[in-house]
Amino acid sequence: MSVNQQAHTGPPYGQPQPGYQGYQQPAYRGQPLPGVPQSQYGAYNGPMPGYQQPAPPQGYFPSLGFPSKGSPVSLNSDTSSLPPNSIGSLRPPPASGAPPPASGASVPSGHVAYSQLGHGDVQNGIPTSTAPVQRPPASQPFLPGSAHTPVSQTSTFQQYGPPPASVQQLINHVAGMTVGSTTVSAPPPAGLGYGPPTSVPPVSGSFSATGSGLYTPYTASQGPPPSSVSEGLPLAQPPFPGQLISTQRLPTQVPGFAPPPSTGIGPSYPPTAGAPRPPTMTGPPLPGQTLAGPPTSQPNHVSSPPPPPSTMSGPHHGPPISGLHGPPPPTHPPQPGYQMQQNGSFGQVRGPQPNYGGAYPGVPNYGSQPGPPPPPKRLDPDSIPSPQLNELPPQQKPRHRIDPDAIPSPIQVIEDDRSNRGSEPFVTGVRGQVPPLVTTNFLVKDQGNASPRYIRCTSYNIPCTSDMAKQSQVPLAAVIKPLATLPPEENLPYLVDHGESGPVRCNRCKAYMCPFMQFIEGGRRFQCCFCSCVTEVPPHYFQHLDHTGKRVDFYDRPELSLGSYEFLATVDYCKNNKFPSPPAFIFMIDVSYNAVKSGLVRLICEELKSLLDYLPREGNMEESAIRVGFVTYNKVLHFYNVKSSLAQPQMMVVSDVADMFVPLLDGFLVNVNESRTVIASLLDQIPEMFADTRETETVFAPVIQAGLEALKAAECAGKLFIFHTSLPIAEAPGKLKNRDDRKLINTDKEKTLFQPQTSFYNNLAKDCVAQGCCVDLFLFPNQYLDVATLGVVTYQTGGSIYKYAYFQLETDQDRFLNDLRRDVQKEVGFDAVMRVRTSTGIRATDFFGAFYMSNTTDVEMAGLDCDKTITVEFKHDDKLSEDSGALLQCALLYTSCAGQRRLRIHNLSLNCCTQLADLYRNCETDTLINYLAKYAYRGVLSSPVKAVRDALISQCAQILACYRKNCASPSSAGQLILPECMKLLPVYLNCVLKSDVLQPGPDVTTDDRAYIRQLVTSMDVAETNVFFYPRLLPLTKADVDSDSLPAAIRNSEERLSKGDIYLLENGLNIFVWVGVNVQQGLLQNLFGVSSFGHISNTLSTLPVLENPFSKKVRSIVDMLQMQRSRYMKLIIVKQEDKLEMLFRHFLVEDKSLSGGASYVDFLCHMHKEIRQLLS
Ligand SMILES: [Zn+2]
């Protein structure tokens, strides 16, 4: 062992811990590793490998089923798993523990701070170091392999002797990628993913796909003018935290709400302690809302920053509810409709909202008119109270007692956030800041915490104790997208190369160096921010501290000053202690009768001829390092030798599928450029070879096994792209039978529809993960093919599933080809292991997503692409303190597409609170819904669907009741009071409850449900947001002269006008709905037909017509397509046509055909639940 190695700061990734070391150990294949503290988490049920494992055993709610938690404290979950000798023996303290003084050659010190940070922190000054030369251009510091850090590091570790062969080895392995200090021009690392632009949607479009920039065009320019500003401010302003909204007693009260006059809706906002100003309302006091209530000691009052002065006169909501209480004069509300607004909550001045109101008007520009509120419009002029909303016959137009305009509107919240937060960059320097919503387009500046594009939390202020957390029932979870795509304006994570010694880590918990580590003793040691252990600073990493205790090279080192960055991993982080080979892609094409007849085989082969030129490349590499291979199959498998020296490809048939092997090694995986002509010849021949096939049966498991064996033989990781059409009924391992049975719906056996029918695929998945074999599945079924079973391997290897039911060339090829192109080109890491470390007091206890877990802490993914998200839940295992807050560090070890082993680190600091109000004020409902949906979707594997739905409702009722009880001021039970940050919880929750997985309509197939279930499990927050509450745009209101989108409207049929055309998108589909009374000119412009009756509803694209309206609509559709990770299917829906039923399913504020409640009804129901909890 060389000196170098001994000097390592720490053993490789988690070496002393269960997780990672597995790579080198036999135990990796799924058996528990020795020393893994299974028992520690035993009771909790561990992180279930999302898929096959059922949800928590008993009790649906996490908080209930977590008994073991209370147990004593481990400083850090990792720690307890350390083998006794793991730490000390490895690192002899540097002699005398004294790091070299500053003069030491090893001090790489600062260089110029990288300007991108723009800190210009004078105090730190520019380090005295000698090496400014290495500084890359300011804007591009820390390029991979660029001169900067590496150089200085190099000199450092040379101290210990020249880099051993492994460095050279690494260089070889990365095929041209220079490691170390030589390559200066390499672009930032993570960008590698995409090839040159092609016909494929431009890469830049992918930005939005990450979810961050959705709704892009709709920004401030379109934002509501002044009046709305005054309305809007309060909403989005943290200062008015718990505001809320009260609706009057839903059950008994009056019919519609009259909109309040625009002035004076609420009390003006004097934060003064307790004396809320008398309301300036013009109306009589609302029932139940005595404004003069005593000041409360509500915490939210206290901590709310005062509103900007200008808001005082606006129609703001008044002080947080706290001041408003008082027994409602139930029987005699002078102005019933009014009350809701008083706190601003629901109403937040909803009444005056101009454009919103009309029933049918579909008014798009709500909020955009500064003028006085228009005359009140009600959805339902009929103000007679109706007895029981839910008893109304479905078809009858309901008589709302509650004006839908007076209940919290997702559109309004989105619009307000956009106008309040879309203009300023989100700077991550402050702990516990709640980021703008995912629907707001904003830039991020990393100043020490990970961007919300990488991590979003359900709350940015965590209760200090588990008791508080349990009381609130608010799940503490983070939604992590480790390889998220960033917009071009933002910097990719810098790649830091510490040379042979690898990243600096805490001795005990193995956390990686990060901005929260505290340097002490003049910089010779650092104290871990996660476990408090003190670790020696390795000599080569020593640096002096300035008078504030900060290292003078603070701004020179991404790992000291940024929330996200990457480390180049050393060989210690590699499987078998060998640097990895570049990955391979294997294309495996079903050539059975259906596939051939539909034209699919020919289509795939044609596409691959050009697509292979766009395999992911790293940085500035000229060609991709990825090798490719080809297999076709039906009941037997055909392998192809496409070695460059051959004149023609050779086929080898394996008909013994029971024991799969790869009949050739040399010539199966090849470089595209070298074998170009042979590959082209093969792709030309395949469709011909099978043109007359009569074979209808297929195998499936052997296909995966073949790919797996090929990767094993080549000793590399990779991805299988499998194009499959039918239930694999041919005699072979993994053979399936048709077990679809819709009669199981709503029975205790319904869960079996979501479970795989055999465990065969679970075992196969395990083998795939061990090899880094990720499986992407493209399905083209004409009938049931058991997605729940076929998807197991894909799911557990971090792959993606795409499904094109009843595939037809004409209508579906665009969608399929776009998906395929994106899937092949997108950034992906292989052989990935992710661990989330936390500071003392909380720990990650549960994980949701497409991955595999062989122990309780490490999330393993054979492949992880830029769209995949992992949701992590945290529980307390000790008390937290308000002073120190809570920290998360997500470390992802992966192999890049060029075969470089890297660690990507994301850090996030959160606040901690002792007051529940602080928790409720810093929640993010979109993230909460992401977690709840994934939790529920896993729950259906083990519990009856109804139980899952009831549990969801119950949990949310508890969350809201806890707020009401502890944070809102006393008030009549008849009032529904929602926390400002969660006022959309009921509407969004209802959407989850009505979704196809939890409440399927008659047209939803078993495969559809299994498919959706898997998709949602890997979605990020932006995707779940639009999936559950689709975006509905009035196309006819679009301004053809601007780039902006028309303002969205709420998802209800009542918002649609017969004279307009609308677009609805949910991330999977785009519907274009055409009203029966649309002007002929518009129809001509958009569809090129003269009348409504001539519109074809089989169109899958809009005709290309040369007029402004057509161009505008097509540009909107194109833009939306680029924002999503999948190409959405376009469906034209004519009003009153049969397809309209399908469309209505997505009007989620309405009652659904499958029995889902309308928003208004559900809100009443939630209110009832909350009241029961409070009484
Ligand atoms: Zn530590």
Side-chain angles (χ1 to χ4, degrees), residues 7-21 35 37 40 72-94 97 99 431 448-450 498 501-521 523-538 541-542 549 551 557 559-560 563 565 567 572-573 833-845 856-858 872 874 876-881 883-893 903 905-910 912:
H8 283 171
T9 315
Y13 192 73
Q15 178 175 321
Q17 299 143 11
Y20 182 64
Q21 81 189 16
Q40 184 181 358
V73 192
S74 56
L75 277 181
N76 179 302
S77 58
D78 291 341
T79 312
S80 52
S81 61
L82 295 178
N85 59 351
S86 66
I87 299 179
S89 60
L90 285 176
R91 6 181 343 101
R431 186 175 87 187
N449 283 290
H498 281 326
S501 56
V504 176
R505 308 176 65 177
C506 166
N507 262 353
R508 185 198 281 155
C509 73
K510 304 300 163 196
Y512 294 84
M513 181 52 64
C514 73
F516 308 110
M517 296 291 189
Q518 195 72 42
F519 286 87
I520 55 177
E521 296 178 25
R524 287 173 299 170
R525 296 166 161 229
F526 67 91
Q527 181 164 31
C528 179
C529 50
F530 297 95
C531 73
S532 300
C533 173
V534 172
T535 300
E536 300 286 340
V537 172
Y541 198 70
F542 176 80
R551 280 171 62 119
R557 293 188 177 274
E559 75 274 20
L560 296 182
Y565 43 87
F567 290 116
D572 296 321
Y573 294 78
V833 182
M834 187 185 94
R835 174 174 290 199
V836 178
R837 291 180 172 79
T838 49
S839 53
T840 308
I842 52 167
R843 69 179 173 205
T845 54
T856 55
T857 52
D858 293 317
V872 182
F874 301 93
H876 287 76
D877 57 8
D878 199 355
K879 280 191 177 142
L880 296 166
S881 95
D883 288 344
S884 41
L887 298 175
L888 314 178
Q889 182 177 78
C890 163
L892 175 79
L893 175 63
L903 280 152
I905 313 295
H906 297 299
N907 302 287
L908 186 63
S909 60
L910 304 171
C912 295

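Counting starts at 1 for both ligands and their atoms, following the listed order. Positions are given from 1 along the sequence. Quick caveat: nothing in here was measured; it's all calculated off a predicted structure.
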Are any of the side-chain heavy atoms of Q518 and F526 separated by less than 4.5 Å? no
Taking the side chain as everything from C-beta on, heavy atoms only, tell me whether F530 gets closer than 4.5 Å to T840. no
If you stand at the Zn ion (ligand 1) and look out to SG of C506 and SG of C531, what angle do those two lines make, to 10°? 100°
When you compare the side chains of R835 and T857, does any donor N or O come within less than 3.5 Å of an acceptor on the partner? yes
Under 2.8 Å from the Zn ion (ligand 1), can any N, O or S atom of C509 be found? yes
Decide, counting backbone as well as side-chain atoms, whether C528 has an N, O or S atom less than 2.8 Å from the Zn ion (ligand 1). yes
Before you tell me yes or no, could you show the steps for F874 and T845 under side chain to side chain contact (heavy atoms under 4.5 Å, CB included), namely the whole-Å CA-CA distance, both residues' side-chain angles and the distance that decides it to 0.1 Å? CA-CA 5 Å; F874 301 93; T845 54; 5.7 Å; no
